> 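This is the structure I want to talk about, given as structure tokens.
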2 protein chains.
Amino acid sequence: MARKPTKAATPPAVRANAKDSAHAGNDAVPASSRATRAAERRAAIVDAAMEEFIARGFAATRLDDIAKRAGVAKGTIYLHFKDKESMFEELVRTVIVPVVTRLTALPPPAGSVRDLVETFASNFLKEVIGTRRGDLVRLIVAEGPRFPSVADFYYREVVSRGIAAMRSLIELGIARGEIRQKNLAHYPQILVAPAMIAVIWQSLFARHAPLDAQDMLRVHLDLIFGERSTT
Amino acid sequence: MARKPTKAATPPAVRANAKDSAHAGNDAVPASSRATRAAERRAAIVDAAMEEFIARGFAATRLDDIAKRAGVAKGTIYLHFKDKESMFEELVRTVIVPVVTRLTALPPPAGSVRDLVETFASNFLKEVIGTRRGDLVRLIVAEGPRFPSVADFYYREVVSRGIAAMRSLIELGIARGEIRQKNLAHYPQILVAPAMIAVIWQSLFARHAPLDAQDMLRVHLDLIFGERSTT
DNA sequence: TGACTATGACTGACCGGTCAGTCATATCGT
DNA sequence: ACGATATGACTGACCGGTCAGTCATAGTCA
């Protein structure tokens, strides 16, 4: 106790900063039920946390910094998350799930297998490579061993699904005669390896030697499907 | 606080435990010049540090643990390294350089390009994939962004060299007609991508789904060079 | 509708534990 | 015996997590 022994009346101004909502324009000031504001704050915390975790890694990230970036007091974080660790885990889920959902939604069964794969690659490029999401993937690689639950989740929700999807695509390609290498179906990892490398490369070496991920992926597909007749 | 304010005379017995050399049998007690012993200790510290950094990451690793594992007092570490950070940097150099040296030493210009590449892959498999060194690579990926000097070093000494070596191998393969895809020379990353993926996979997902890296690499080479006639 | 109360979201000073780095002291090699 | 080497107790900064207190908003009643 004995917090603030004197100073019964707290400075009035301070709270003001909350009014114009700290972060860039999103909400009309009034349009906020409690629930809405809570959701906004939670989102702000998740964003801030992602930024900080990516920049510093789990252990070196300070909750104080996350709070400051989110425009929130440290205590507020604990209204939304049990502790630092579960915040990290939930963050991964929150960010990853929508991406997987979006990427998995490959509706058009039209065209060749190569077109299918190319569409997928193109989406992956836009959604992941070189984005904050890509950095998140690197972060998962980095922290995975220390967070078995995160690694498990990631394997279950992303890796195993991705591998399975790629495998069936490969098998289709083989069946249709678009892919020569029969054994490729045993190692769908080979199909996605360059994409993963691109993610990591952009995170680590982009400033040493920029990489044209799109072109690299194209060359890789040429390798698997044979060179394209048209450009 | 109030750490032991008095107590000028420290208990005498305690220090005794150091005499019988804490860790398992390594050194015949007498056979050691100063320089030799110093080198041994330094090596022990590097080993211990690698182990701990791999297991916990940079920020979460405690110098006390490294010291204990190395069978050395914490202060001793500071006789060999300026601080935690430069210890990490030197560790990376110390471990990486010999591997690169060994891997770069590909003397036999005999045989086909495929044989050359296969030898390289085989060495890489033995020296890196699934070893402590592989974990180190993952660690560099993990900590790289926070240690520009490490990332720079790694790019300069490993990545750019590796890429260059692979490129000239690819160009040779193209010149000799072993490799169809001319554009492959633009992206040597494609050649090594599966190997890198294997490194990461072993670190993260081996317990979920073991990966036969050797076989995967073989399939990948089949993809690039065409299926092998012989096994 | 306007005044009055209840609720719980939010704050930030504080606590306690942890750990990188220091240094007085002890031990060893020559 | 004396400098070089090693030790580990100690310090002080730092940071995750807590909680008493505040106040905007929702709910209630006349």
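If you're wondering where the values come from, they're calculated on a predicted model, not measured in any experiment. The figures here come from the full heavy-atom set of this structure, side chains too, leaving out hydrogens, waters and symmetry mates. Chain letters run A, B, ... following the sequence lines, proteins first, then strands; residues in each count from 1.
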> Consider the side chain of A/Ala73, meaning its heavy atoms from C-beta on, and name the nucleotide among D/dG17, D/dA6, C/dG12 that approaches it most closely.
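The closest nucleotide is C/dG12.
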
> Using 4.0 Å as the upper bound for N to carboxylate O, is an ion pair formed by B/Arg93 and B/Glu90?
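Salt bridge flag = no for B/Arg93 with B/Glu90.
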
> Hey, which of B/Val97, B/Ile96, B/Thr101, B/Leu103 is the one that makes side chain to side chain contact (heavy atoms under 4.5 Å, CB included) with B/Val99?
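Considering B/Val97, B/Ile96, B/Thr101, B/Leu103, a side chain to side chain contact (heavy atoms under 4.5 Å, CB included) with B/Val99 is found only for B/Leu103.
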
> Between atom CG in B/Leu79 and atom C1' in D/dG8, what is the gap in whole Å?
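Roughly 13 Å, once rounded to whole Å.
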
> In terms of side-chain heavy atoms of B/Thr76, which of D/dA6, D/dG17, C/dT11 is nearest?
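Nearest nucleotide to the side chain: D/dA6.
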
> Once you round it to whole Å, what is the distance between P of C/dG29 and CD of B/Glu40?
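Atom-to-atom, B/Glu40 to C/dG29, this comes out as 12 Å.
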
> Could you list the residues that satisfy side chain to side chain donor-acceptor pair (under 3.5 Å) with B/Glu85, not counting sequence neighbours?
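In terms of side chain to side chain donor-acceptor pair (under 3.5 Å), with neighbours along the sequence ignored, B/Glu85 is linked to no residue.
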
> Could you tell me how the ring of B/Trp201 sits relative to the ring of B/Phe205: parallel (under 30°), tilted (30 to 60°) or perpendicular (over 60°)?
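Perpendicular: the ring planes of B/Trp201 and B/Phe205 meet at over 60°.
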
> Would you say B/Arg41 reaches D/dT7's phosphate, i.e. side-chain N/O to OP1/OP2 under 4.0 Å?
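Yes, B/Arg41 has a side-chain N/O under 4.0 Å of OP1/OP2 on D/dT7.
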
> By the salt bridge (Lys or Arg N to Asp or Glu O under 4.0 Å) test, which pairs, at least two apart or in different chains, include something from residues 46-56 of chain B?
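Residue pairs with at least one partner in residues 46-56 of chain B: B/Glu51-B/Arg132, B/Glu52-B/Arg56, B/Glu52-B/Arg69, B/Arg56-B/Asp65.
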
> Counting only heavy atoms and a strict 4.0 angstrom limit, can you tell me which residues of residues 57-69 of chain A come near DNA chain D?
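Within residues 57-69 of chain A, the residues near DNA chain D are A/Thr61, A/Arg62, A/Leu63.
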
> By a strict heavy-atom criterion of less than 4.0 Å, which residues belonging to residues 46-53 of chain A are in contact with DNA chain C?
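Those residues whose heavy atoms fall under 4.0 Å from DNA chain C, taken from residues 46-53 of chain A, amount to none.
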
> May I have the distance from B/Asp83 (atom CG) to C/dC19 (atom C1'), rounded to whole angstrom?
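B/Asp83 atom CG is separated from C/dC19 atom C1' by 14 Å.
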
> Would you call the rings of A/Phe88 and A/Phe53 parallel, tilted or perpendicular if under 30° counts as parallel and over 60° as perpendicular?
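The rings of A/Phe88 and A/Phe53 stand perpendicular, inter-plane angle above 60°.
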
> Once the angle between the rings of A/His208 and B/Tyr155 is folded into 0 to 90°, is it parallel (under 30°), tilted (30 to 60°) or perpendicular (over 60°)?
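Because their plane-to-plane angle is under 30°, the rings of A/His208 and B/Tyr155 count as parallel.
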
> Between A/His80 (NE2) and D/dG17 (C1'), how many Å, whole number?
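Answer to the nearest Å: 16 Å.
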
> B/Asp83: which residues meet the salt bridge (charged side-chain N to carboxylate O under 4.0 Å, His left out) condition with it, sequence neighbours left out?
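Testing B/Asp83 for salt bridge (charged side-chain N to carboxylate O under 4.0 Å, His left out), a comparison that skips the adjacent residues, returns none.
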
> In this structure, how many angstroms lie between the P atom of D/dG16 and the CZ atom of A/Phe81, rounded?
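Those two atoms, CZ and P, are 15 Å apart.
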
> Among D/dT5, C/dT22, C/dA9, which nucleotide has an atom closest to any side-chain atom of B/Tyr78?
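Selected nucleotide (nearest to the side chain): C/dT22.
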
> In whole Å, I'd like the distance from the CE atom of A/Met87 to the P atom of D/dG16.
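Spelled out: CE on A/Met87 to P on D/dG16 is 9 Å.
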
> The side chain of A/Lys84 is closest to which nucleotide in this list: D/dA9, D/dG17, D/dA6?
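Ranking D/dA9, D/dG17, D/dA6 by closest atom to the A/Lys84 side chain puts D/dG17 first.
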
> Expressed in angstrom and rounded to an integer, what is the separation of B/Ile45 atom CD1 from C/dG21 atom C1'?
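Computing the B/Ile45:CD1 to C/dG21:C1' distance gives 15 Å.
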
> So, using salt bridge (charged side-chain N to carboxylate O under 4.0 Å, His left out) as the criterion, who are the partners of B/Asp212 when residues are at least two apart?
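Not a single residue meets the salt bridge (charged side-chain N to carboxylate O under 4.0 Å, His left out) criterion with B/Asp212.
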
> What is the distance, to the nearest angstrom, from the NZ atom on A/Lys74 to the C1' atom on C/dC10?
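My rounded result for the distance is 15 Å.
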
